[in-house]
Every structure is written in C-alpha cells, then in structure tokens.
Amino acid sequence: QTSLRELLDQAMALQKELEWQREISNRLARIESHERVRELETAMALVQQGLDLYGALPEFMAVANRIGTSIKILDFQQSIEQCIQKRDWLSARAVLEQAANSYPAEITWNDLSERIRGGHLKQEIEQSLAEGDLDHARERIVEAKQTHARLTRIDALEFELENAEERRQ
C-alpha cells in the first residue's frame, strides 16, 4: 500500500519532469524561430546552452547538426559571392565545386553556377570586344543569352558588337 508521502513524491517528480520537458520544448521553439530568420549563430548558441543544461539529448543533437550544416552552406555561399564580386571566376567555380561535393542536395548551387557562368561570359564578351574579336564576342553573347543568369548589360554589349560590326564593314 502506497503512503501519502510516496504519492506526493511521485506527483512532485512528475511535475518536475513536466517542467523540464516544457523548458526543453520552449528552448527548441526559440532555436527554431532564430533558425527560420537565418540567425544561425544565435540559434547555435541556444543549442549549446541546451546541451550544457540538459546534456546530449537527441533533439538538441539533431538541431545542432542541422544548424551546423546550414552555417557551413552559408559560409560556402558567402565565399562564392565574394569571388563573384571580385570577378574571380576560377576561384568562384572551385569553391562552388567544393560546396557541391560537400552538400550535393543544396539547390542554391544551381543559381550560383549560372551566375558564375554568366559573369564569366560577360567578362569574355567585354574582353573580346576590347580586342576586336567580334566573332568570339558574338558566340559568347549567344551563349550568354541561353543561360538562366540575370545578366546586366548584355543588351548594351550586343549593341556595342553590332556597332563594331557595322564599322568593320
């Protein structure tokens, strides 16, 4: 027969367990809200606090892995963007290849690949026009128009090519 003291102890243990689960759920909800708005460093800091407080619970380990992956992907994206800004197409392509090998399911690689390809083509067109290699410039313009990248100035470069071809004739 269970004594009143044992029943009270069981009730308090259940209440404590419920509070503990609520704290974990609240922390996970806060982490996910930061993750949703791409505040990944803040989210990871909350994960680390959760690990420190509650130990290596599967919920925290899964979130830590997911956010860690997001941070690495974001780092790759930023490195690629820096290369694009510098018009360093070879480095951009190399970083993109490394990123795609590390995270092949990431869909942003396709867009970045097209931007790199388009930027490189645009640079080749500009260089060909400057050197007077109009045939090469025409080939690159045709190729550039077939990319999915949003290329600024491609119409202006084509107009410049047409003017150069008219002057040549």
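Positions are given from 1, in the same order as the sequence printed here.
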For salt bridge (Lys or Arg N to Asp or Glu O under 4.0 Å), just list the numbers for Glu143 and Arg140, CA-CA rounded to whole Å, side-chain angles, deciding distance to a tenth of an Å, and then say yes or no.
CA-CA 5 Å; Glu143 189 177 344; Arg140 292 297 171 242; 2.7 Å; yes
Between the CD atom in Glu32 and the NE2 atom in His34, the distance rounded to the nearest 0.5 Å is 11.5 Å
Nearest 0.5 Å please: distance from the CD1 atom of Ile141 over to the NE2 atom of His136.
11.0 Å
Are the side chain of Ser33 and the backbone N or O of Arg30 linked by a donor-acceptor pair below 3.5 Å?
yes
How close do Arg93 and Ser113 get, counting heavy atoms only, and between which atoms?
NH1-OG, 3.2 Å
Drop me the distance from Leu28's CG to Phe60's CZ, to the nearest 0.5 angstrom.
4.5 Å
Minimum side-chain heavy-atom gap Leu161-Ile125 below 4.5 Å:
no
Measure the shortest side-chain to side-chain distance between Trp109 and Glu97 over non-hydrogen atoms and say whether it is less than 4.5 angstrom.
no
Please report the C-alpha distance between Asp9 and Arg5 in whole Å, then the side-chain angles of each, then the deciding distance to 0.1 Å, and finally whether the side-chain contact (heavy atoms from CB on, under 4.5 Å) criterion is met.
CA-CA 6 Å; Asp9 288 344; Arg5 169 52 61 204; 3.3 Å; yes
Where Leu157 and Leu129 come nearest, the two heavy atoms and their spacing:
O-CD1, 3.8 Å
ILVMFWY cluster, Ile67 and Tyr103 together (side-chain gap under 4.5 Å):
no
Reported CG-to-CD distance for the pair Leu8 and Gln15, which is rounded to 0.5 angstrom:
11.0 Å
Would you sort out whether Arg117 and Glu114 count as a salt bridge (Lys or Arg N to Asp or Glu O under 4.0 Å), showing the intermediate values?
CA-CA 5 Å; Arg117 180 173 170 235; Glu114 283 298 309; 3.7 Å; yes
Students often mix this up, so state it plainly: with edges at 30° and 60°, are the rings of Trp89 and His120 parallel, tilted or perpendicular?
tilted
What heavy-atom pair brings Ala56 and Leu51 nearest, and what distance separates the two atoms?
CA-CD2, 3.9 Å
Under 3.5 Å, is there a donor on one side chain and an acceptor on the other for Tyr54 and Glu23?
yes
Say whether Val95 and Leu74 are linked into one hydrophobic cluster, either directly or through other cluster members, by side-chain heavy-atom distances under 4.5 angstrom.
no
Glu162 side, atom CD; Arg167 side, atom CZ - distance, nearest 0.5 Å:
11.5 Å
Value rounded to 0.5 Å, distance of CD in Glu124 from CD in Glu126
11.0 Å
Short N-O contact, Glu106 and Lys72, less than 4.0 angstrom
no
Does any donor atom in the side chain of Gln85 or Glu81 lie under 3.5 Å from an acceptor atom in the other side chain?
no
Checking Gln78 against Gln82: is there a side-chain donor and acceptor pair closer than 3.5 Å?
no
Could you see if Ile71 belongs to whatever hydrophobic cluster contains Ile73? Use Ile, Leu, Val, Met, Phe, Trp, Tyr and a side-chain cutoff under 4.5 Å.
no
Decide whether Leu57 and Leu53 are clustered together by the hydrophobic rule: side chain heavy atoms of Ile, Leu, Val, Met, Phe, Trp, Tyr closer than 4.5 Å, transitively.
yes
Ile31 and Thr42: side-chain contact (heavy atoms from CB on, under 4.5 Å), yes or no, with the steps?
CA-CA 8 Å; Ile31 290 166; Thr42 302; over 6 Å; no
Using a 6.0 Å cut-off, check whether atom CG of Leu90 has over 12 heavy atoms from anything other than its own residue.
no
Short side-chain donor-acceptor distance under 3.5 Å, Ser70 and Glu35:
no
